[in-house]
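Structure, as structure tokens:
Proteins get letters first, then strands, A, B, ... in listed order; numbering begins at 1 in each.
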Number of protein chains: 2
Amino acid sequence: MNTTRSGHPALTRPDGTPLRVLVVDDDPDLAEVLTGALRYEGWEVRAAGDGAAAVSAARELLPDAVVLDVMLPDTDGFTVLRRLHEVKPEVCVLFLTARDAVEDRIAGITAGGDDYVTKPFSLEEVVARLRGLLRRAGMARQLEDGPRLVVGDLVMDEEAREVTRSGELIELSPTEFELLRFLMRNPRRVLSKAQILDRVWSYDFGGRAHVVELYISYLRKKVDAGREPMIHTVRGAGYVLKPVTR
Amino acid sequence: MNTTRSGHPALTRPDGTPLRVLVVDDDPDLAEVLTGALRYEGWEVRAAGDGAAAVSAARELLPDAVVLDVMLPDTDGFTVLRRLHEVKPEVCVLFLTARDAVEDRIAGITAGGDDYVTKPFSLEEVVARLRGLLRRAGMARQLEDGPRLVVGDLVMDEEAREVTRSGELIELSPTEFELLRFLMRNPRRVLSKAQILDRVWSYDFGGRAHVVELYISYLRKKVDAGREPMIHTVRGAGYVLKPVTR
DNA sequence: CGGGCCGCTCAGAGGTTCCTCAGAGCTTGG
DNA sequence: CCAAGCTCTGAGGAACCTCTGAGCGGCCCG
């Protein structure tokens, strides 16, 4: 099977060709990070730094999805959106917006099935939203089985934001949820604290790896509470989530 | 078959051509050591001393991977990363970083599937990480069978950091793990204590060969415990790991 | 047979990594 | 404006890892 650097199967359309995404942001570092993360997830990625470049790149690439910063140097995001829809009406758009941006305008836009995340965001957030968009649009072959992650008796419903272990409901805070999602998307693989920080925390988070330890300890209290543990520490390397073996 | 001085088969792409790596470090000694070790492993290697040289060398060589010191005299690591990806989007990058700089600005680096090791590092560490990158990228022909090392009934899963002997799980400390990995990558070959020190311990380790004996004894207790021994001493020469013969 | 060399292992000091608690600051929602 | 919840900082302490030193035993040589 065609796989990506993440070890996940490459994202493909029903016809087998890879999914294409266009990243539009004027901050080169951020664009670089997004590009890398999405490529790692199996997308065919292309980047643009402003509205004009975005539209012309879209004309060439005919992307399935666009990650679009609302604040661009030349054009405003909504104009770009209109042009993009002219180029390809069924394209999915994920907006990137500042926290204090006008919520109602965004709400109007996302009515069409599009979605948005506020800056600063975590990469897991972006990746998950994009997957959600594609799933709802019925565009990705391997997402059709639904929004559920399963590792052993641990089950996560991403859309309902519900987690259960052997049927019992587990309540998680937003950060706990995202951390667990990352672990569940990489079962049986040791993840370093740096990797976890890069993926689960916002790109502008200046804190230390100590936070990861703290949240792992929170998760253990909820996920492993009194049960056979699934979250393991690998000293000097990181953490692993794996199903209980017997 | 095309082999190197190490006896390892030359690393090749799916099309049979050798894998190429670019080493970027401003410390000539370190660059020399890295270059030697990687060449020994079957890579086609080239070195550069700063960011500008790195980018232009990359344009010529079109390497499959880059080993890149984040602290360069001219450019910062993030910029070099971006330029490298412009030259060759699918290139894998392994960053070298000082231990106390880890927290600074690694954010985003591992996000794209790239990886890093902290100075001072061991050569086994670097080699293993590079192999991991390449494997995940699906780039090396002979790494495709997955991240498992097998010698007799001894099995090491590098990604899960799990070692089993005839199915039984063996718990190892970081140094023990790395030493065993080195032995398992060179089965049936006598390795001198000096060789082991050079490979498994950091390049700045001042200690003496006695540590190797100590760790071999630790390993024996865990790996050979009560079983037919696989780790053998060759007096005056070194140690060998080999499958049990009957 | 005896001495020197090499390798093995034990015990423990010192350092590092990790876990957890307690609480301050912030955000959210009523 | 208050209450509740969430996120992060800091500190203490526990567990673990690494290396040093020393003693012992076996091997090979004279």
Side-chain angles (χ1 to χ4, degrees), chain A residues 98-100 103 118-122 124-125 161 170-180 190-197 200-225 229 231-240, chain B residues 98-100 102-103 107 118-122 124-125 161 163 170-180 190-197 200-226 229 231-240:
Chain A
R99 182 163 301 274
D100 48 2
E103 294 274 337
T118 58
K119 289 185 182 184
F121 47 77
S122 74
E124 270 300 293
E125 184 82 46
R161 290 210 142 228
I170 297 173
E171 310 230 332
L172 299 175
S173 78
T175 307
E176 287 162 5
F177 181 86
E178 220 163 273
L179 172 56
L180 183 57
V190 176
L191 301 166
S192 73
K193 286 175 221 174
Q195 261 176 312
I196 294 174
L197 265 186
V200 176
W201 268 260
S202 316
Y203 52 83
D204 70 340
F205 178 66
R208 299 279 155 92
H210 173 61
V211 201
V212 177
E213 294 168 20
L214 187 60
Y215 270 84
I216 286 284
S217 115
Y218 292 159
L219 267 191
R220 286 212 245 241
K221 257 190 266 189
K222 295 182 176 182
V223 172
D224 287 344
I231 302 172
H232 306 270
T233 303
V234 183
R235 217 150 218 277
Y239 299 95
V240 201
Chain B
R99 177 165 298 273
D100 45 0
V102 176
E103 309 287 358
T118 57
K119 291 184 183 183
F121 48 77
S122 74
E124 267 303 291
E125 183 84 46
R161 281 198 151 238
V163 177
I170 298 173
E171 311 230 331
L172 299 175
S173 79
T175 306
E176 288 162 5
F177 183 86
E178 219 164 275
L179 172 55
L180 182 58
V190 178
L191 302 165
S192 74
K193 286 175 220 174
Q195 256 176 313
I196 293 174
L197 264 186
V200 176
W201 269 261
S202 316
Y203 52 81
D204 70 342
F205 179 66
R208 280 187 287 118
H210 172 60
V211 207
V212 177
E213 295 168 17
L214 186 58
Y215 270 86
I216 286 284
S217 114
Y218 291 158
L219 268 192
R220 286 212 246 241
K221 254 191 274 189
K222 294 182 176 182
V223 172
D224 287 345
I231 303 173
H232 305 272
T233 303
V234 182
R235 212 144 218 282
Y239 300 95
V240 201

Using a cut-off of strictly less than 4.0 Å, decide whether [X] has a side-chain nitrogen or oxygen near OP1 or OP2 of [N].
{"X": "Ser217(A)", "N": "dC19(C)", "result": "no"}
{"X": "Lys193(B)", "N": "dC6(C)", "result": "no"}
{"X": "Trp201(B)", "N": "dC19(D)", "result": "yes"}

Between [atom2] on [N] and [atom1] on [X], what's the gap in Å once rounded to a whole number?
{"X": "Lys222(A)", "N": "dG5(D)", "atom1": "NZ", "atom2": "C1'", "value": "10 Å"}
{"X": "Glu213(B)", "N": "dT9(C)", "atom1": "CD", "atom2": "C1'", "value": "10 Å"}
{"X": "Arg161(B)", "N": "dC17(D)", "atom1": "CZ", "atom2": "P", "value": "12 Å"}
{"X": "His232(B)", "N": "dC8(C)", "atom1": "NE2", "atom2": "C1'", "value": "16 Å"}
{"X": "Phe177(B)", "N": "dT18(D)", "atom1": "CZ", "atom2": "C1'", "value": "18 Å"}
{"X": "Glu178(A)", "N": "dC8(D)", "atom1": "CD", "atom2": "P", "value": "11 Å"}
{"X": "Leu172(B)", "N": "dT18(D)", "atom1": "CG", "atom2": "P", "value": "10 Å"}
{"X": "Arg208(A)", "N": "dC19(C)", "atom1": "CZ", "atom2": "C1'", "value": "18 Å"}

Which of the following nucleotides, [options], is nearest to the side chain of [X]?
{"X": "Thr175(A)", "options": "dT18(D), dT7(D), dC19(D)", "value": "dT7(D)"}
{"X": "Thr233(A)", "options": "dC19(C), dT16(C), dT9(C)", "value": "dC19(C)"}
{"X": "Tyr239(A)", "options": "dC17(D), dC18(C), dG7(C)", "value": "dC18(C)"}
{"X": "Ser173(A)", "options": "dC6(D), dT9(D), dT9(C)", "value": "dC6(D)"}

Describe the nucleic acid contact of Ile216(B) in one word from base, sugar-phosphate, nothing, applying a heavy-atom distance below 4.0 Å. nothing
Nearest 0.5 Å, please: how far is CZ in Arg208(A) from CG in Leu197(A)? 11.0 Å
Between the base of dC6(C) and the side chain of Arg235(B), is there a donor and acceptor pair under 3.5 angstrom? yes
Check: dC16(D) base within 3.5 Å donor-acceptor of Tyr218(B) side chain: no
Ignoring hydrogens and geometry, is there a side-chain-to-backbone donor-acceptor pair from Gln195(B) to Ser192(B) under 3.5 Å? yes
For His210(B), is there any backbone N or O sitting under 3.5 Å from a side-chain donor or acceptor partner on Lys193(B)? no
Just say parallel, tilted or perpendicular for the rings of Tyr215(B) and Tyr218(B), cut-offs at 30° and 60°. perpendicular
Of His210(B) and Arg220(A), whose nearest nucleotide on DNA chain C comes first from the 5' end? His210(B)
Step by step, would you call Thr233(B) with Glu213(B) a side chain to side chain contact (heavy atoms under 4.5 Å, CB included)? CA-CA 10 Å; Thr233(B) 303; Glu213(B) 295 168 17; over 6 Å; no
